[in-house]
Amino acid sequence: MKTIRNKKFVSLIPKEVLESRIKVLAEQLNNDYRGQNPIFVGILNGSFMFLSELFKNLELQCEVSFIKVKSYEEMSSSGHVAELIGLSENIEGRHVVIVEDIVDTGQTMAKVMPEFENQKPASLSILTLLHKKEATKVDIPLNYVGFEIKNKFVIGFGLDYDGYGRNIDEIMILADQAKEE
Ligand code: IMP
Ligand code: MG
């Protein structure tokens with residue numbers, strides 16, 4: 001049990017489980033992108049820890065970059081997605097993998113994907129550590145998913161509650177919501 005600001009959280013996905021699943025995802029990517037020189041684009045802030053864990057396990061010749069968007073206010077999606085830092089690389093003709101911490105309503109991906117597509121990459125895939133299937137309102141093709149989770153609020157491993165909790169080394173769920181299971 002951990003208290004972040006005024007809320008209590010309990011473990012949902014332990015560190016070891018995250019790490020071994022990320023190894024499997026990396027192996028898949030090592031096979032799928034062999035010889036293709038892909039660029040991985042993390043969505044800040046949430047994806048930084050997932051992307052760094054993933055990167056340690058990639059054996060590809062590859063690049064990394066980031067963009068920054070914001071949609072969440074405290075514990076729910078605001079529905080409005082603002083892009084705070086755009087992509088500085090030219091991705092025309094490149095194999096691009098967008099890396100997300102979590103796909104919730106899907107609005108962030110719905111906003112970001114067309115902007116990437118406009119730049120005519122050779123291919124565009126989405127890799128997300130977590131997916132809240134029941135919450136997703138927009139039909140987004142998710143190519144690689146770490147874990148499907150219930151429509152509950154989670155933190156840790158890069159994900160935050162009002163800016164805090166990103167430094168926790170596992171995924172934790174709001175204690176009140178864990179009891180509802
Ligand atoms: P979407 O646009 O609704 O799909 O939301 C995507 C973004 O909202 C993610 O990249 C996260 O930053 C944030 N988010 C969604 N669900 C959670 C959660 O349970 N905890 C913390 N952040 C979340
Ligand atoms: Mg995010």
Side-chain angles (χ1 to χ4, degrees), residues 1-15 17-18 21-22 25 40-55 64-87 96-117 124-181:
M1 176 96 76
K2 263 202 169 72
T3 305
I4 299 295
R5 311 209 74 185
N6 52 342
K7 299 264 187 288
K8 290 190 164 46
F9 292 86
V10 293
S11 179
L12 180 68
I13 310 173
K15 181 176 186 274
V17 179
L18 284 170
R21 179 69 184 130
I22 293 170
L25 290 169
F40 291 82
V41 182
I43 313 289
L44 291 173
N45 292 328
S47 70
F48 75 97
M49 205 178 282
F50 171 40
L51 188 43
S52 74
E53 186 61 34
L54 180 85
F55 241 59
V64 67
S65 190
F66 292 93
I67 64 168
K68 180 162 179 161
V69 299
K70 190 176 182 351
S71 68
Y72 243 56
E73 300 294 341
E74 295 208 336
M75 291 211 290
S76 59
S77 193
S78 68
H80 169 80
V81 183
E83 190 163 316
L84 307 176
I85 302 175
L87 188 65
V96 178
V97 182
I98 300 176
V99 183
E100 254 291 33
D101 52 354
I102 185 164
V103 174
D104 180 16
T105 63
Q107 276 157 333
T108 303
M109 281 301 105
K111 160 139 173 106
V112 159
M113 282 217 22
E115 293 183 16
F116 279 77
E117 274 160 358
L124 185 61
S125 299
I126 299 178
L127 160 65
T128 185
L129 178 62
L130 306 173
H131 180 214
K132 292 183 188 172
K133 206 177 212 156
E134 297 158 20
T136 306
K137 297 174 192 154
V138 197
D139 195 23
I140 307 283
L142 300 177
N143 306 78
Y144 305 91
V145 177
F147 300 87
E148 295 284 355
I149 63 165
K150 295 265 171 61
N151 189 10
K152 304 282 167 75
F153 188 72
V154 294
I155 58 162
F157 214 76
L159 289 106
D160 71 303
Y161 164 46
D162 206 14
Y164 292 87
R166 295 193 196 273
N167 51 323
I168 299 169
D169 64 1
E170 62 174 346
I171 298 290
M172 302 189 89
I173 180 172
L174 197 61
D176 296 343
Q177 295 190 341
K179 284 182 227 141
E180 291 165 14
E181 293 295 293

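Every number for a ligand or one of its atoms is a count from 1 in the order of the listing. Only this structure's heavy atoms are used, side chains among them; waters, hydrogens and symmetry mates stay out.
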Taking 4.0 angstrom as the limit and counting only heavy atoms of [X], give me the atoms of ligand 1 inside it, by number and element.
X	answer
Leu159	20 (N), 21 (C), 22 (N)
Phe153	18 (C), 19 (O), 20 (N), 21 (C)
Asp160	21 (C)
Lys152	19 (O)
Thr108	1 (P), 2 (O), 5 (O), 6 (C)
Glu100	10 (O)
Lys132	16 (N), 17 (C), 18 (C), 19 (O)
Gly106	1 (P), 3 (O), 4 (O)

Would you say [X]'s side chain and [Y]'s backbone share a donor-acceptor pair under 3.5 angstrom?
X	Y	answer
Thr105	Gln107	yes
Lys8	Leu174	no
Thr136	Asp104	yes
Arg166	Leu159	no

Q: Compute the minimum heavy-atom distance from Asp101 to ligand 1 and say whether it is under 4.0 Å.
A: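 Yes.
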Q | Least distance between heavy atoms, Gly158 atom then Phe48 atom | A |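 Heavy atoms only, the tightest pair is CA-CE2, 3.9 Å.
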Q) Looking only at heavy atoms, what is the nearest atom pair of Asp160 and Phe153, with distance? A)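 Looks like O-CZ, 3.5 Å.
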Q) Is there any N or O on Ile155 that sits under 3.5 Å from an N or O of ligand 1? A)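 There is no such contact.
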Q) Should Asp101 and Thr128 count as side-chain neighbours, where that means a heavy-atom distance under 4.5 Å? A)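 SC-SC contact between Asp101 and Thr128 ruled out.
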